[in-house]
Each structure stands twice: as structure tokens, then as C-alpha cells.
There are 2 protein chains.
Amino acid sequence: MNAPTPAPRMTRQRREILDALDTRDFRSAQSWHERLRAEGSTIGLATVYRGLQALADQGEVDAVVSESGETLYRRCEAGEEHHHHLRCRSCGKAVEIDVPEFEDFAHRIGDAHGYGDIRHTIELTGVCPECAAAGRG
Amino acid sequence: MNAPTPAPRMTRQRREILDALDTRDFRSAQSWHERLRAEGSTIGLATVYRGLQALADQGEVDAVVSESGETLYRRCEAGEEHHHHLRCRSCGKAVEIDVPEFEDFAHRIGDAHGYGDIRHTIELTGVCPECAAAGRG
DNA sequence: CGTCTTATCGCTAATGATTCTCAATTGCAC
DNA sequence: GTGCAATTGAGAATCATTAGCGATAAGACG
Ligand SMILES: [Zn+2]
Ligand SMILES: [Zn+2]
Ligand SMILES: [Zn+2]
Ligand SMILES: [Zn+2]
């Protein structure tokens with residue numbers, strides 16, 4: 001009864017994206033695209049957007065919406081597991097964190113108000129030690 | 001030492017925005033603009049954007065970035081106080097919530113990783129009872 | 001391998017939300 | 001009232017993200 005998941009193909013571009021993403025920083029699709037081109041890739045911008053979204057759906061990459069509304073991506077290190085981040089607003093470097101206390105709390109609050117299908121967003125941002133030292137921040 | 005706060009003026013448009021905002025729902029600037037025009041106002045879209053931002057800065061309205069990246073506003077009921085929301089993804093209705101446990105946690109995590117100037121985002125979204133009943137959701 | 005199907009590419013044009021420009025207004029202090 | 005900077009409204013300009021489309025090339029099969 002379900003749409004037969006269209007077979008995903010491993011293309012050169014897909015590989016390039018995955019490779020580029022092996023850092024620890026959150027960056028916009030445009031930013032990843034620039035980096036790829038800078039490294040000699042001929043990949044197109046739309047392809048980077050498509051690739052990142054696909055990878056995000058598979059849980060291969062994390063996606064967060066910045067305060068300004070852009071979507072930032074980076075390779076995920078926790079796999080499928082649900083988690084959150086502490087991200088540097090200046091350089092994008094992030095640490096994955098766990099907020100077990102909150103996971104329950106979220107559902108309790110939802111129930112208390114009769115809201116169903118609860119989803120939550122928790123993002124911590126700050127300025128990392130390096131950026132602070134460099135005066136960016 | 002500070003920039004002399006440019007005197008804010010109470011204009012007809014400013015008042016209209018404030019009045020329109022006295023509901024409990026989160027809506028986009030465009031949505032508020034439509035509503036104002038529908039009520040007969042001749043206010044311009046840019047003015048609504050400017051007004052909402054100004055009000056958000058003064059703490060008169062809450063602003064949140066939706067999952068799709070648009071900014072949603074509504075009149076704040078908690079005044080200056082720091083707080084978070086449980087918002088309906090379908091109709092925008094929201095409840096203000098308090099997460100004392102988390103407030104500390106956020107700073108502890110930040111310190112633990114050496115990140116400074118910690119900021120956080122916590123948003124709960126779900127489907128409110130009305131929307132669930134109406135099958136929207 | 002060679003063939004065939006169609007997911008994926010890369011470009012470019014199109015969206016959609018938000019911001020900027022600028023002449024015309026209009027709070028509001030004096 | 002006057003004067004002037006803050007504010008407005010319409011439309012152009014930005015910016016990130018998508019959609020459309022002909023060209024490619026994964027990958028299944030034989
Ligand atoms: Zn940093
Ligand atoms: Zn969580
Ligand atoms: Zn609702
Ligand atoms: Zn908080």
C-alpha cells in the first residue's frame with residue numbers, strides 16, 4: 001500500500017557530498033556547494049540541495065534552522081538516534097548533546113494541554129573557545 | 001556610551017498592529033498583514049514587517065522561526081520574561097510554557113564544552129484539540 | 001558487455017519570504 | 001504653528017530554496 005521507495009542511486013555527486021561533509025561543522029547548502037566547487041567539483045547547487053535533503057531524510061546528516069531562517073547541515077555522528085546540538089554561531093562547529101530529562105517533559109506538557117503529535121526543537125548556540133579566542137563572536 | 005535610542009513614535013499603523021495582535025495565535029507577517037487589510041486597514045506589508053520586528057525587540061511580541069524557516073509572531077503575554085511555547089502546527093494557537101529544568105541545563109552544557117554566550121531555542125509543536133477534532137492535523 | 005528504465009544531473013527560470021529605496025507623510029518637541 | 005527626523009507605502013531588489021527540463025548515467029537484466 002505504500003509508495004515503493006524509489007531506489008536511491010550512489011552517484012559521484014552523492015559521494016562528493018558525503019565526503020565533503022565529514023567535518024564537524026554546520027554549514028548552509030550554499031556554503032557546502034562553494035566548498036565543493038573550490039575543491040574542483042563541478043557539482044550543481046540544486047544537486048547539493050537535493051543531496052543534503054535526501055541525506056537528512058536518511059538520517060545521514062543533521063539539519064537545523066538557524067535564527068535567520070537558513071537551513072544548516074552537517075554530517076551526523078549519532079546515526080538514527082534522536083539528539084540535539086550545541087553549535088557555535090560563528091564557525092558552525094557543533095557538539096551533539098543529549099537531553100533525556102527533556103524528552104519526557106515535552107510529552108507531558110503536550111498531554112497536559114491536549115496537543116497531539118508533539119514534536120520539539122531544542123538547539124543551544126554559543127561561541128566556541130576558538131572563536132572566542134580569535135575575537136570573533 | 002550607548003547609541004541614544006532613536007525615539008519610537010506611536011503611529012496609527014503601530015497601533016493597528018498592536019490591536020490586531022491581541023489574539024493568541026502565531027502567524028507570519030504576511031498573514032497579519034492580510035488580516036489587517038481584510039479589516040479595512042491600508043497598512044503596507046513592509047510596515048507590518050518593520051512593526052513586528054520593532055515590537056519583538058521591545059519584547060512586546062514573541063517571534064519564533066518555524067520548521068520551514070518563516071518567522072511567526074504573536075503578542076506576548078509574559079512581558080519581558082523569558083519563556084517558550086507549545087504551538088499548534090495547524091492553526092498557530094500557542095500556550096506559553098516554562099522549562100526551569102532546562103534553563104540551568106543549558107548553561108551547564110555550555111560551560112562543560114567551553115562555549116560562551118549561550119542562547120537556546122526550545123519549541124514544542126503539536127496539533128491542538130480543536131484542529132485534531134476538525135481533522136486538520 | 002549491450003540495452004533499457006528512470007533516478008539524478010546541472011542549468012536556468014521561478015518562487016516566496018523578507019529587505020531596501022525613496023518620495024511623500026506625519027509624530028512631536030519647541 | 002514650524003521644522004525635522006522618524007515612519008510609511010509601493011514597488012524593486014535580495015536571498016535562500018524549488019521547480020522545470022533536456023541530457024546523463026546508475027544499475028538491473030540478459
Ligand atoms: Zn566557533
Ligand atoms: Zn529531543
Ligand atoms: Zn490548532
Ligand atoms: Zn529558556
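Throughout, a chain's letter reflects where its sequence line sits, starting with A, and its residues are numbered from 1.
In this structure, L45(A) places its CG atom 14 Å from C1' of dA14(C), rounding to the nearest Å. When the P atom of dT18(D) is taken as reference, atom NE2 of H33(A) falls 15 Å away, rounded to whole Å. Distance CZ (R14(A)) to C1' (dA25(D)): 13 Å, rounded to an integer number of Å. Look at CZ on R27(B): it is 17 Å from C1' on dA17(C), rounded to the nearest Å. Atoms CD (Q53(A)) and C1' (dA19(D)) sit 12 Å apart, rounded to a whole Å. Nucleotide dA25(D) holds its C1' atom 11 Å from the CZ atom of R12(A), rounded to whole Å. dC15(D) atom P lies 13 Å from atom CD of E34(A), rounded to whole Å. Protein atom CG of L36(B) is 14 Å distant from nucleotide atom C1' of dT8(D), rounded to whole Å.
Checked by distance alone, R9(B) brings a side-chain donor or acceptor within 3.5 Å of a matching partner on the base of dA5(D). A donor N or O paired with an acceptor N or O is found under 3.5 Å between the base of dG9(D) and the side-chain atoms of R50(B).
When each of dA17(C), dG27(D), dC11(C) is scored by its nearest atom to the side-chain atoms of M10(A), the top-ranked nucleotide is dG27(D).
Salt-bridge formation is not detected for the pair E123(A)/R119(B): no Lys NZ or Arg NE/NH1/NH2 atom is positioned less than 4.0 Å from an Asp or Glu carboxylate oxygen.
At least one side-chain nitrogen or oxygen of Q13(A) sits closer than 4.0 Å to the OP1 or OP2 atom of dG10(C). Within the structure, every side-chain polar atom (N or O) of Q30(A) is placed at least 4.0 Å from both OP1 and OP2 of dC15(D).
Here the two rings, on Y49(A) and H33(A), have centers that are 6.0 Å apart or farther.
Residue T11(B) is in sugar-phosphate contact alone, with no base atom involved, counting any heavy-atom pair closer than 4.0 Å across all strands shown. If you check every strand for non-hydrogen atoms under 4.0 Å, S28(B) touches nothing.
Atom CG in D25(B) sits 9.0 Å away from atom SG in C128(B) (nearest 0.5 Å).
Where S41(A) and Y49(B) meet DNA chain C, the nucleotide closest to each residue was compared, and S41(A) sits on the side nearer the 5' end.
Using cut-offs of 30° and 60° on the angle between ring planes, the pair H113(A) and Y115(A) is perpendicular.
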Report task. Any chance you could lay out the ring-ring contact (aromatic ring centres under 6.0 Å, His included) test for H84(A) and H120(A), step after step, and finish with the verdict? Result -> CA-CA 10 Å; H84(A) 303 282; H120(A) 64 274; 5.1 Å; yes
